[in-house]
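Report on one structure; see the data block that follows.
These numbers come from a predicted model, not from an experiment. In what follows, every heavy atom counts, from backbone to side chain, and hydrogens, waters and symmetry copies are set aside.
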Amino acid sequence: MTATTPGDAPVVPPEADAGKGLKTDALGLVSSVVIGVSSTAPAYSLAASVGFIVASGGALLSGTKAPGIVLLAFVPMFLIAIAYQEMNKADPDCGTTFTWATRAFGSVTGWMGGWGIIVADVIVMANLAAIAGSYSFTFVGGLGVPGVADLANSVLWSTVAGLVWIAVMTWICYRGIELSARIQVALLSIEVLVLVLFAVVALVRVYSGTAEPYSITPSWDWFNPFTLDFGSVIAPAMLTAIFIYWGWDTAVSVNEETKDPEKTPGRAAVISTVLLLITYALVTTGAVAFAGVSTKGIGLGNEANANDVFSAIGPALFGDSPLGRICLLLLAASILTSASASTQTTILPTARTALSMAAHKAIPEKFARIHPKFLTPTWSTIGMGIASAAFYLVFTLISPDLLSALIGSIGLMIAFYYGLTGFACTWYYRKTLTSSVRAFILRGVFPFVGGLMLLAVFIYGTIQFSAPDWLTDEKGHNVTIFGIGAEAVVGIGGLVIGAVLMGIWWWRRPDFFQGKTVPRSFAVPTSTARD
C-alpha cells in the first residue's frame, strides 16, 4: 500500500477502499471550505452563544474576557482539525470518527464515536429549526408585511416554520451534494459580510466616542482568560465556545465526494477553523465593546438577551434611520441564512456517518442505500430529517425553555467525539511517531493535547452543568430534568441511550462488534507495510 507520508503507511483492510456509491470528485477545496465554515452557522452560533459565554444564571461567567474564551476554544479545535487531516490521509472514509476510532480502539469505542456525531447533530437541529422558524417571520416582517413579525414570538407558528425549514433542507441534501454546495456559497457570503459589518460599526462607534454610556473600550486583557477559575468558569464557558466552532468537520465528512480525498478535506478543515477564529474574535470583541456586560438593558450579562444577542444589540447599534433599518434587516437575514444553511449542512455529516455505519454493518444496512440518480444517501438523509423534526417537536411540547439547555449539552457531545478523534489519531500512528519531527508533532503531540483539553472540559463541564441552578428560565426557575441540570442530563443521557442501542444491535448483528467488517489497524513503518 502506498505510504501516506515518508516513514509510515496505513494498514487498512481492502474493504476500506471500496466506494459507497457517493458521487466522486464533486467538490473542490473552496467548496469544501465553504461547507466547513457554513456548517458552524457563524451568525446563529454567535447570536445564541455569546450571552452564555459572558454570563450564566444571572451572574457573570467570563464577562469581558469572552474574546479570550473564544480564542482559547480555538486551540483544541485547531489541534483536532489537524487530527482529522492526518486520519483522513490514512482512511478517507465518510464515517470519520466512527471509522477511525474503530480502527484505533475497537468497535465499541468507534460505534459510540459515530453515535456522538449523530446525536449532536439531531440535537442541534432543534436549535437551528427554532431560530430559522422565528427569524423567517422577523425577516418578512422587516420587509414591511404588517403583523408577520409578531408571529416570531408564537411558539406554534415558529415551530411550523422550523419544521418547514427542516423539510426543505432535507430535500436539498437528498437532491445532491453539488446543489448543496452552490446554495452554501450564496448563503455564507451574505452571512459573513453582515457579521463583519456588525463588528466594524460597533468598534467604530466605540472608538469614535459615539457609542452608548455602557460601552467599553477593548483592552488586551480581554484576550487573557487564564485569570479565571478553570472548573467553574473556563470549562463551562469553553463548552459553549466550542459549540460556535463546531461543524468544520463536515468538510471531512464529504471526503468521498471531494477531489483528492486524501488531502483536500483535511486542508479544508484546518482552513475553516482559522477563518472562524478571525470572524469570531472580531465579532465577539465588537459585541462586548458596544453592549458591555451589564445584567441589565442590552448588556450581554442580561439573561433576557442570552438566546439572541444580535436582536438585543441591533436596534441600539444601527439606530432607527432608513439606513439603520436596512442594516437591521440584513442582520436578521444573516441569522436566518445562517440557521437555514447550517440546517442543511448538519444533515450532510449525519447522513454520511449513518451511511458509513450501515455500510460496515454497525446499524441496519438500509441506511447505506444510495439514490441511483442523485448519488446521495437516501434512508440516512431522510431519516436524519425525520429524527430531527421529531426531537424538535418533543422538546418544544415539553417546554420551549429546554431548547436553551441544548447548547451546553451539544458542547459535551462535541468534546466527546472530537476528543476521541484526537486520541485515535495518536494511537493509530503510535508506531511511526518517531519517524520524523512532523509525524511526532502533527500526529502525536497536537492530537493528544487537543484530546486532553477536550476531556478536561468535558469532565469539568459535566460537573457544573449538573448543578440544579446552573440554568434558569426567564422567570428565574431552574431548568432541570429529574432535579439535575438539564444540560448535563441531555448530554450524558444522549450517550447512555446510544450505549443501549449499541447493545441491542450487538445482540442482533454481532459481525461489526466482532471486528469482521472494520478490523482494528494502525500505521506501520513503510519497510514493514503490507502491499
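Within a 6.0 Å sphere centred on CZ of Phe416, other residues, nucleotides and ligands contribute more than 12 heavy atoms.
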For this session: Apply side chain to side chain donor-acceptor pair (under 3.5 Å) to Asp93 and Ser356, showing your working.
Result: CA-CA 7 Å; Asp93 188 292; Ser356 180; 2.7 Å; yes
For this session: Could you go through the side chain to side chain donor-acceptor pair (under 3.5 Å) check for Thr421 and Trp100 one step at a time?
Result: CA-CA 7 Å; Thr421 306; Trp100 303 333; over 6 Å; no
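Trp246 and Phe243 have tilted rings, their planes meeting at an angle from 30° to 60° on a 0 to 90° scale.
Across every non-hydrogen atom of Ile123 and Ser409, the tightest pair is CG2-OG, 4.3 Å. When every heavy atom of Ser32 is checked against every heavy atom of Ala251, the shortest pair comes out as O-CB, 3.4 Å. Taking each heavy atom of Val122 and Met384 in turn, the nearest pair found is CG2-SD, 3.9 Å. Taking both residues in full, the closest heavy atoms of Ala199 and Leu282 are given as CB-CG, 3.6 Å, listed atom of the first, atom of the second, then distance. Heavy atoms only, all atoms of each residue included: Pro42 and Leu195 are closest at CB-CD1, 3.8 Å. Summarising the geometry of Ile484 relative to Ser466, their closest heavy-atom pair is CG2-O, 3.6 Å, with the distance given to 0.1 Å.
Put simply, OG1 on Thr40 and CD1 on Ile35 are 12.5 Å apart, with the number rounded to the nearest 0.5 Å.
In this structure, Tyr245 has its ring center under 6.0 Å from that of Tyr280. Between Phe423 and Tyr428, the gap from one ring centroid to the other reaches at least 6.0 Å. Aromatic pair Trp248/Tyr84: centroids less than 6.0 angstrom apart.
Checking each of Leu72, Thr285, Ile69 against Phe223 for a side chain to side chain contact (heavy atoms under 4.5 Å, CB included) leaves exactly one that passes, namely Thr285.
A cation-pi arrangement is present between Lys366 and Trp379, with the terminal nitrogen or guanidinium carbon under 6.0 Å from the aromatic centre and inside a 45° cone about the axis.
Ionic pairing of Arg509 and Glu365 is present here: one or more N-O contacts between side-chain nitrogen and carboxylate oxygen are shorter than 4.0 angstrom.
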